[in-house]
Amino acid sequence: MLDWISTFLILAGVAFFVSGTIGLLRLPDLYCRLHALTKSDNLGHGLLILGLMLRSDDLLTALKLLLIWILVLTASAAASQLIAQYSGRS
Amino acid sequence: MNTLSWSFLDILLVIALVLLAGAALRARSLRQSIILFIAFGLVTALVWARLRAPDVALAEAAIGAGLTGALLLTALRNRPSEESRLVSNNGMRWGGRWGNVAITVSVSLVALGIGWAVLYGMNDTQSGRLAGQVGSALELSGVSNPVTAVLLNFRAYDTLLELAVLLAALLGILSLGGGRATHCTVDPIATSLRGWLVPLLILTAGYQLWVGAHAPGGAFQAGALLAAAGVVQHLAGRAHAGLPVGAVLRVLMVSGIGIFMTMGLWTFLGGRGFLAYPQRWAGELILLIELFATLAIAVTLILCYLGSEPERRRITPAGSKP
Amino acid sequence: MEVDVLVLSVALPLCGALIAVAWPRRCEVVGMLTAFAVSVAAVLTLVQVLVVGALQHEMGGWTPGLGIALRVDILSAVFLVLVGLVVLASSVYATGYFGQPREKAHFWPMWLLLLAALNALVLSSDLFNVYVTLELLGLTAVSLAALSGQRAAIDAALRYLLVGLLGSMVYLAGVALLYLGYGTLDLPAIATQIESEPIAWLALCLMTGGLLLKTALFPLHFWLPPAHANAPAPVSAVLSALVVKAGFYLVMRLWIDLFPALLTPSTGLLLGIPGAAAVLWGSWQAFKAERLKLLAAYSTVAQLGYLFLGLALLFQLAPGPTRDVLFGGIVLMALTHGFAKAGLFLAAGMVQKRSGNDQISNLGGMAQRMPVTTFTIALAGVALIGLPPSGAFLGKWQLLSSALGLGQWLWVIVVATGSMLAAAYVFRVLERAFAGSSQPDAPVAIAREEWPALLLSAIAAVLLGVGSGWLWPLLGNDI
Amino acid sequence: MPDVLMLACVVMAATLVVGLVPMVRSTSSVERMLTAQLLGTNGVGLILLLAQILDMPALVDVALVLALLAVIAVVAFTRRSGGSERA
């Protein structure tokens with residue numbers, strides 16, 4: 001049962017990555033693309049990690065995965081801000 | 001099904017590598033080349049991970065995908081703006097399009113030749129032989145991670161000389177004195193990033209250093225992470241990047257080679273041979289060496305990033321050393 | 001307790017470099033002491049090798065293959081002594097050359113690292129370890145070449161860096177192939193298994209190609225003249241006398257010790273023909289050069305040509321006494337050139353310092369103003385041309401007699417033309433130096449700067465020729 | 001089940017390659033940075049999947065390092081170049 005949930009979560013995460021990439025390719029301007037990007041960063045990555053956490057063997061690995069999730073969340077938020085600011089300047 | 005998927009994955013990764021390499025070479029500005037180069041480092045790390053080489057993947061992730069970008073950017077920033085090329089164009093031009101064709105052809109020929117020779121000369125028993133030797137000598141080395149055993153025990157002499165190479169590169173950069181003391185603007189996002197990124201980086205560096213004895217990790221990865229902490233500090237407006245100044249800094253610069261030489265000469269004069277650790281303490285000695293090597297590598301990389309020694313006049317608050 | 005002195009040749013300069021970095025105010029003293037100690041260690045190593053034969057030190061106590069071994073035989077011991085003496089003399093000279101504390105603090109640590117790299121390279125018998133020493137050597141050499149901070153020097157140094165990196169990368173690709181094919185990096189271990197097969201051939205091509213780029217064999221020499229001519233004088237001396245020769249030393253080691261199974265007599269022509277071209281082109285460019293240091297740099301291109309030409313002949317000879325004698329001749333030429341070129345560059349540096357530039361047309365009256373320096377240049381010239389008392393004379397003699405013995409007249413013509421051109425460029429300098437000057441100055445002498453150069457030239461022009469008798473049989477036994 | 005993970009892996013790699021297209025073809029730095037950011041997250045995910053498939057927990061550390069350092073490049077890039085720090 002846990003296995004199935006995990007697989008579902010992982011596949012859903014991958015699907016968000018695919019949609020994020022398509023958005024990056026097809027959306028008209030920078031800010032829309034940023035929006036698409038954050039979808040795959042937050043949701044795609046989050047679901048993927050959640051799925052993998054369900055499969056991890058020990059606590060340490062699960063904690064590391066959690067840490068990576070938080071890191072990517074925060075970092076991508078900051079990075080998106082910085083990129084938007086930068087493009088506003090230039 | 002599985003082998004087919006692996007081949008798909010391999011093909012995709014190779015396509016990504018070649019695409020990025022080509023684009024980085026052909027990019028219109030150096031700035032864009034650098035972005036592409038960072039992406040190239042990232043994909044390279046992926047390739048190493050796929051090849052089941054986590055040690056190399058770690059180093060590539062830390063240095064190739066992370067620090068190199070910052071180093072290249074600071075080089076670009078310190079460059080006098082009137083120069084658009086690294087080398088002024090007397091003699092290093094390769095003759096336009098035909099030169100490019102010639103380079104492409106010769107590189108491809110060499111690559112084909114290597115591929116052919118590898119296929120022809122592939123000999124699993126031979127290339128696996130040394131790995132077997134390492135495996136059987138591993139329990140004498142004091143650590144259980146074969147990569148660390150090779151780097152810090154079996155071939156410690158190579159590592160010692162590599163630290164000397166790093167030092168030479170740093171001294172070369174410092175002697176050119178190019179980097180000016182850049183003071184970056186304080187940006188709220190960068191400052192808040194620093195608040196949590198720097199402690200995390202230092203923590204991870206410590207973890208990598210510790211884990212290196214029995215799992216992938218070690219001084220080079222830890223040093224790169226520690227250096228990244230310094231770079232973040234600098235990006236967030238700390239001109240010193242968390243480095244000490246003066247004599248302390250200079251001692252830290254050479255501490256990696258210093259500890260190696262101390263160990264080496266100690267065992268040598270004790271009649272055991274250069275760098276022949278007493279087996280009982282080998283693990284502890286290796287950790288000690290790695291600790292100082294990590295500090296030296298971090299200081300070296302940060303100084304390479306800064307381009308010159310931080311000046312004395314503004315001393316950073318205590319405890320901000322990365 | 002038996003102490004393996006060969007380890008000290010690497011350990012001492014590394015320690016010296018550490019102390020010089022950490023204690024910049026005393027770096028000059030540290031540097032001089034280290035250079036002296038390293039020379040002593042080199043001589044002791046040579047003595048030890050003469051007494052007990054080739055030595056080996058296993059680093060970390062691990063068997064070679066798993067670990068790394070330093071090995072020294074008579075050839076490497078002789079090179080160690082060359083390195084030690086040239087660096088010692090240049091160090092003495094450098095104490096007078098660099099005045100500012102800032103310059104000193106930058107110069108000495110890198111200088112000692114360069115010394116460590118040279119010694120480590122000569123002693124290494126592990127192919128990957130050789131790569132590491134090449135990197136260390138390349139980086140220190142480039143940084144030292146750029147030390148003056150002038151635009152031309154930095155340009156040349158940057159080109160030197162790129163060429164050097166390309167060279168070591170290509171070399172490393174060859175090493176990787178050998179490891180793939182034979183499963184070890186230990187040179188003697190590979191030598192016993194190597195066969196004539198594609199992987200070995202490709203490795204031979206890649207490793208030699210990379211090293212030739214670093215040795216500046218014609219037509220890969222383009223980076224050398226600007227880099228050597230624009231470096232500070234003591235650095236130029238060591239770059240020309242030792243650093244490019246390190247590449248030659250490795251090519252010689254690889255071809256003689258590692259790859260003999262692959263080589264046919266005609267393979268040597270791959271080195272000999274560019275060597276011959278280097279002799280002619282380098283000598284001609286030296287003859288045309290307007291600056292003394294540029295002349296010296298092009299002369300290095302030519303002199304390297306003789307060495308490779310000699311190797312080409314060597315591989316055509318069957319093992320035996322004639323081959324041993326020729327081998328001795330090549331080594332003797334390499335040594336002579338090392339000492340002579342170092343002396344010449346140091347002297348050129350003195351000229352440059354005294355008169356502000358080193359234009360050959362401005363040398364008028366030098367013989368009166370700087371008699372010792374002029375004498376130094378003359379002695380170095382004797383060795384570069386290959387006139388009788390010098391070691392190069394004996395070396396060239398062996399070269400010619402081997403070529404004649406093989407019935408290959410073309411080499412003889414090349415050597416003769418090269419020597420003639422060498423005579424022409426040396427006398428062109430001396431003729432200017434002895435020409436009268438408009439303002440006769442009192443002669444000046446600064447012992448600290450003039451004597452090292454003079455001693456180096458004298459070793460090349462007299463000692464190596466007269467005293468080569470004992471060297472010969474030893475080198476002969478070695479291969 | 002490893003087959004499904006493998007499939008996820010291949011799809012991720014495919015999106016990575018497709019995502020490279022704007023990176024290689026576009027002319028603006030901002031655009032490239034954006035794709036580089038996506039590439040970073042994608043790469044971290046891919047490595048985590050590989051860690052599970054190959055059963056190599058050490059790869060999780062690689063992902064951690066990658067996640068830690070990817071942001072530094074973006075900060076370095078967006079730092080105001082020229083201008084203020086030259087003064």
Side-chain angles (χ1 to χ4, degrees), chain B residues 86-88 90-92 110 113-114 116-118 120-123 125-131 133-134 137 150 153-162 164-165 167-169 171-177 247 250-251 253-254 257-258 260-261 264-265 267-269 271-277, chain C residues 1 3-4 7 11 14-15 17-18 21-24 57-62 65-68 106-107 109-110 113 116-117 120 126 128-129 132-133 135-136 139-140 142-143 146-147 149 151 154-155 158-159 162 173 177 179-185 197-203 205-206 222:
Chain B
L86 279 174
V87 181
S88 66
N90 45 358
M92 209 52 180
V110 170
I114 290 178
W116 172 65
V118 167
Y120 191 94
M122 193 63 123
N123 191 338
T125 55
Q126 287 295 353
S127 45
R129 208 178 58 185
L130 204 54
Q133 280 186 38
V134 170
V150 169
N153 202 339
F154 304 143
R155 293 183 73 93
Y157 175 56
D158 264 347
T159 309
L160 164 65
L161 288 181
E162 269 151 26
V165 170
L167 180 65
L171 292 175
I173 291 173
L174 293 183
S175 79
L176 289 174
R250 301 191 75 85
V251 169
M253 269 162 63
V254 295
I257 311 181
F260 252 123
M261 293 308 297
L265 289 177
T267 56
F268 178 66
L269 296 176
R272 300 181 53 93
F274 197 78
L275 284 174
Y277 318 126
Chain C
M1 184 184 70
V3 173
D4 288 343
V7 176
L14 274 178
C15 284
L18 292 191
V21 171
W23 198 12
H57 185 93
E58 291 164 359
M59 288 303 215
W62 305 103
L66 179 63
I68 301 166
H106 284 145
F107 170 77
M110 283 195 288
L113 281 179
D126 180 282
F128 183 78
N129 187 247
V132 181
T133 62
E135 286 292 21
L136 186 57
L139 270 177
T140 47
V142 166
S143 315
L147 206 59
R151 185 58 205 257
I154 290 181
D155 261 12
L158 208 48
R159 194 170 317 158
L162 293 178
L177 282 178
Y179 180 65
L180 193 74
Y182 304 103
T184 180
L185 293 163
E197 53 183 334
I199 206 160
W201 272 104
L202 200 64
C205 293
L206 289 172
F222 56 92

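Both backbone and side-chain heavy atoms feed into the values below; hydrogens, waters and symmetry mates do not.
A salt bridge between D155(C) and R151(C) is present, with a side-chain N of the basic residue lying under 4.0 Å from a carboxylate O of the acidic one.
Contacts with chain C were tallied for V110(B), L167(B), N153(B), V150(B); N153(B) has the most, counting heavy-atom pairs under 4.5 Å. Between chain B and the options L14(C), L66(C), L206(C), heavy-atom pairs under 4.5 Å are most frequent for L66(C). Looking only at heavy-atom pairs under 4.5 Å with chain B, the residue among V132(C), L185(C), V142(C) that has the most is V132(C). When L160(B), V251(B), I257(B) are compared by the number of non-hydrogen pairs under 4.5 Å with chain C, I257(B) comes out ahead. Interface summary for chain B: among A116(C), G65(C), G61(C), G149(C), the most heavy-atom pairs under 4.5 angstrom belong to G65(C). Counting heavy-atom pairs closer than 4.5 Å to chain B, the top-ranked of the candidates I154(C), V7(C), T140(C) is V7(C).
In terms of the side-chain contact (heavy atoms from CB on, under 4.5 Å) criterion, residue partners of A276(B) (sequence neighbours excluded) are, by chain and number, R272(B). By the side-chain contact (heavy atoms from CB on, under 4.5 Å) test, S143(C) pairs with M110(C), sequence neighbours left out.
Between I68(C) and F128(C) there is no side-chain heavy-atom pair separated by less than 4.5 Å. Contact of the D158(B) side chain with the M59(C) side chain is not registered, since no non-hydrogen atoms from C-beta on lie closer than 4.5 Å. You'll find the side chain of I199(C) reaches within 4.5 Å of the side chain of Y182(C), heavy atoms only. Side-chain contact between D126(C) and R155(B): present, with at least one pair of heavy atoms (C-beta onward) separated by less than 4.5 Å.
L147(C) touches chain B through its side chain: at least one heavy atom from C-beta onward sits under 4.5 Å away, while N, CA, C and O do not. Contact of A156(B) with chain C is not made at all, since no heavy-atom distance falls under 4.5 Å. Using a 4.5 Å cut-off between heavy atoms, A203(C) does not touch chain B at all. Using a 4.5 Å cut-off between heavy atoms, I114(B) touches chain C through backbone and side chain atoms alike. Both the backbone and the side chain of L18(C) come within contact range of chain B, each with at least one heavy atom under 4.5 Å from a heavy atom of that chain.
T133(C) contributes no side-chain N or O that, together with a main-chain N or O of A117(C), makes up a donor-acceptor pair within less than 3.5 Å.
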